[in-house]
Novice: 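This structure is in structure tokens; I'll ask about it shortly.
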Amino acid sequence: TGDIRLMAPLNGTLSTSTAANTTITSADASVKLNPMTTSGAEGQPAYATGVRGTGLQFDGVNDYLCTGTNGTCADDEDLDTGGTALSVGAWIKSTNTLSNQGIIQKDDISAGTRSYVFYLSGTGKVNFEVNNGVSQAGSGNSVLSNNTWYFVVGTYDGSNTKIYVNGSLDASLAASGNIINSTGRFMIGGCNGCGSSGQFSGTIDEPFVTAEALTPSQIKHMYEVGK
């Protein structure tokens, strides 16, 4: 659907770990073919049973994927959507929902340029933030349970940020302006500059980014197809 910037099926051989400092050119199945890399010798997520095929299991300490090559994270302008339309989402199964955990983000803390952040808060709720120069962050209402698959989506349409859980609207917050472009890395399962406190603990499958605000019916369909 629309302007897809990333679609990552995260398929691999079950129960095997990704290799250290390795570029995964097949991570992105969108037309952008964004190369992604593991985070280094100590951060190697393992392929685990996903919603369809495999996903990646992150240890909550130092595992994540980032745009870049050979263990070096880098900016990727394909994941800067700019404008007033964005959707991000994934299937997630956390082993510890009551901790801050990055799901998807495009951020450069050192340069102060944050585009968008999609994460679990320490309250077990999904949070979605877009930045037009000022942080505009919304929190979901549903408290997620441990070891349970959820399809979570965040959308922005220039007027509101919305959070969906399992195909249903969970929260909405008024927001406006063009999303700024970030010079930072794009990450799956991690939080740039958060240390171990922001790493995802559990499995992520089929993360995506699109430069349009998906409709409720589109999100519901994606959930029904995947569940």
Side-chain angles (χ1 to χ4, degrees), residues 2-8 10 18 20-25 27-43 45 56 58 62-90 100-121 127-138 153-158 161 173 175-200 204 207-213:
D3 187 1
I4 299 172
R5 300 300 181 90
L6 177 93
M7 182 177 290
L10 303 182
T18 53
N21 301 311
T22 298
T23 305
I24 307 174
T25 55
D28 183 9
S30 78
V31 295
K32 302 297 184 181
L33 297 175
N34 299 290
M36 303 200 73
T37 182
T38 54
S39 59
E42 295 181 352
L56 278 177
F58 300 83
N62 51 25
D63 289 354
Y64 58 84
L65 290 183
C66 59
T67 48
T69 57
N70 302 322
T72 300
C73 297
D75 182 17
D76 190 326
E77 294 180 355
D78 286 339
L79 281 309
D80 285 321
T81 61
T84 57
L86 169 70
S87 296
V88 300
N100 291 312
Q101 298 177 64
I103 303 170
I104 292 171
Q105 74 163 50
K106 183 72 164 59
D107 191 6
D108 186 346
I109 291 177
S110 61
T113 59
R114 167 170 287 181
S115 291
Y116 50 87
V117 183
F118 192 49
Y119 64 101
L120 277 180
S121 71
N127 282 240
F128 181 45
E129 174 186 342
V130 296
N131 194 325
N132 67 353
V134 176
S135 172
Q136 302 180 96
V153 177
T155 68
Y156 174 61
D157 62 5
T161 59
L173 175 75
S176 62
N178 290 329
I179 301 172
I180 66 172
N181 293 331
S182 171
T183 55
R185 65 185 72 175
F186 172 85
M187 299 178 70
I188 296 172
C191 176
N192 187 13
C194 298
S196 61
S197 63
Q199 309 305 109
F200 193 83
I204 297 175
F208 69 87
V209 177
T210 180
E212 66 172 333

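All values derive from a computational prediction rather than experimental measurement.
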Novice: State whether the side chain of D28 and the backbone N or O of M7 hold a donor-acceptor pair below 3.5 Å, judged by distance alone.
Specialist: yes
Novice: Can you sort out the partners of A211 under side chain to side chain contact (heavy atoms under 4.5 Å, CB included), two or more places apart, ordered by chain and number?
Specialist: D3, R5, T81
Novice: Say you draw a straight line from CD of Q136 to CZ of F128; how long is it, rounded to the nearest 0.5 Å?
Specialist: 10.5 Å
Novice: Taking only residues two or more places apart in sequence, or in another chain, which ones meet D76 in a salt bridge (Lys or Arg N to Asp or Glu O under 4.0 Å)?
Specialist: none
Novice: Is Q101 close to Y119 at the side-chain level, that is, under 4.5 Å between some pair of heavy atoms?
Specialist: no
Novice: Holding to side chain to side chain contact (heavy atoms under 4.5 Å, CB included), I want the full list of residues that pass it with T72, two or more places apart in sequence or in another chain.
Specialist: none
Novice: Can you find a pair of side-chain heavy atoms, one from M36 and one from I188, that are under 4.5 Å apart?
Specialist: yes
Novice: Check the pair S115, N131 against side chain to side chain contact (heavy atoms under 4.5 Å, CB included), reporting the backbone distance first and the verdict last.
Specialist: CA-CA 5 Å; S115 291; N131 194 325; over 6 Å; no
Novice: Where do I104 and F186 come nearest, in terms of heavy atoms and distance?
Specialist: CG2-CE1, 3.5 Å
Novice: Evaluate the side chain to side chain contact (heavy atoms under 4.5 Å, CB included) criterion for residues M187 and F200: first the C-alpha distance (whole Å), next the side-chain angles of each, then the deciding distance (0.1 Å), finally the verdict.
Specialist: CA-CA 11 Å; M187 299 178 70; F200 193 83; over 6 Å; no
Novice: Considering all heavy atoms of both residues, which atom of P45 and which atom of L65 are nearest to each other, and what is their separation?
Specialist: CG-CD2, 4.4 Å
Novice: About how many Å separate CG of L173 and CG of N127, when rounded to the nearest 0.5 Å?
Specialist: 10.5 Å
Novice: At what distance, to the nearest 0.5 angstrom, does OH of Y116 lie from OG of S135?
Specialist: 15.0 Å
Novice: Say whether, by atom type as modelled, one donor and one acceptor occur between the side chain of N132 and the main chain of S176 under 3.5 angstrom.
Specialist: yes
Novice: Please evaluate residues N70 and T23 with respect to the criterion side-chain hydrogen bond (donor to acceptor under 3.5 Å, both in side chains), reporting the C-alpha separation (whole Å), side-chain torsions for both, the decisive distance (0.1 Å), and the verdict.
Specialist: CA-CA 5 Å; N70 302 322; T23 305; 3.2 Å; yes
Novice: Taking all heavy atoms of P35 and all of T69, pick out the closest pair and write down the distance.
Specialist: CB-CG2, 4.3 Å
Novice: Just to verify, what does D78 make a salt bridge (Lys or Arg N to Asp or Glu O under 4.0 Å) with, not counting sequence neighbours?
Specialist: none
Novice: Flag the pair V130 / L86 as yes when at least one side-chain heavy-atom distance between them is below 4.5 Å, and no otherwise.
Specialist: yes
Novice: The criterion is side-chain hydrogen bond (donor to acceptor under 3.5 Å, both in side chains); which residues satisfy it with D157, sequence neighbours excluded?
Specialist: none
Novice: Let me confirm one number: the OG1-CD distance from T183 to E77, rounded to the nearest 0.5 Å.
Specialist: 10.5 Å
Novice: Nearest 0.5 angstrom please: L79 CG to N34 CG, how far?
Specialist: 5.0 Å
Novice: Measure the spacing between CZ of F118 and OG of S87 and express it to the nearest 0.5 Å.
Specialist: 10.0 Å
Novice: Would you say the side chain of E129 lies within less than 4.5 Å of the side chain of R114, judging by non-hydrogen atoms?
Specialist: yes
Novice: Could you tell me which non-hydrogen atom of Y156 sits nearest to which non-hydrogen atom of A213, and how far apart they are?
Specialist: O-CB, 3.4 Å
Novice: Could you pull out the closest heavy-atom pair between I204 and I103, with the gap in Å?
Specialist: CD1-O, 4.2 Å
Novice: Can you name the closest pair of heavy atoms from A90 and P207 and give their distance?
Specialist: CB-CA, 3.7 Å
Novice: Please walk me through it: do D80 and K106 pass salt bridge (charged side-chain N to carboxylate O under 4.0 Å, His left out)?
Specialist: CA-CA 8 Å; D80 285 321; K106 183 72 164 59; 3.2 Å; yes
Novice: Please assess L56 against T18 for the test side chain to side chain contact (heavy atoms under 4.5 Å, CB included), listing each intermediate value before the final yes or no.
Specialist: CA-CA 9 Å; L56 278 177; T18 53; 4.0 Å; yes
Novice: In chain order, what residues pass the side chain to side chain contact (heavy atoms under 4.5 Å, CB included) check against N178, with sequence neighbours excluded?
Specialist: T84
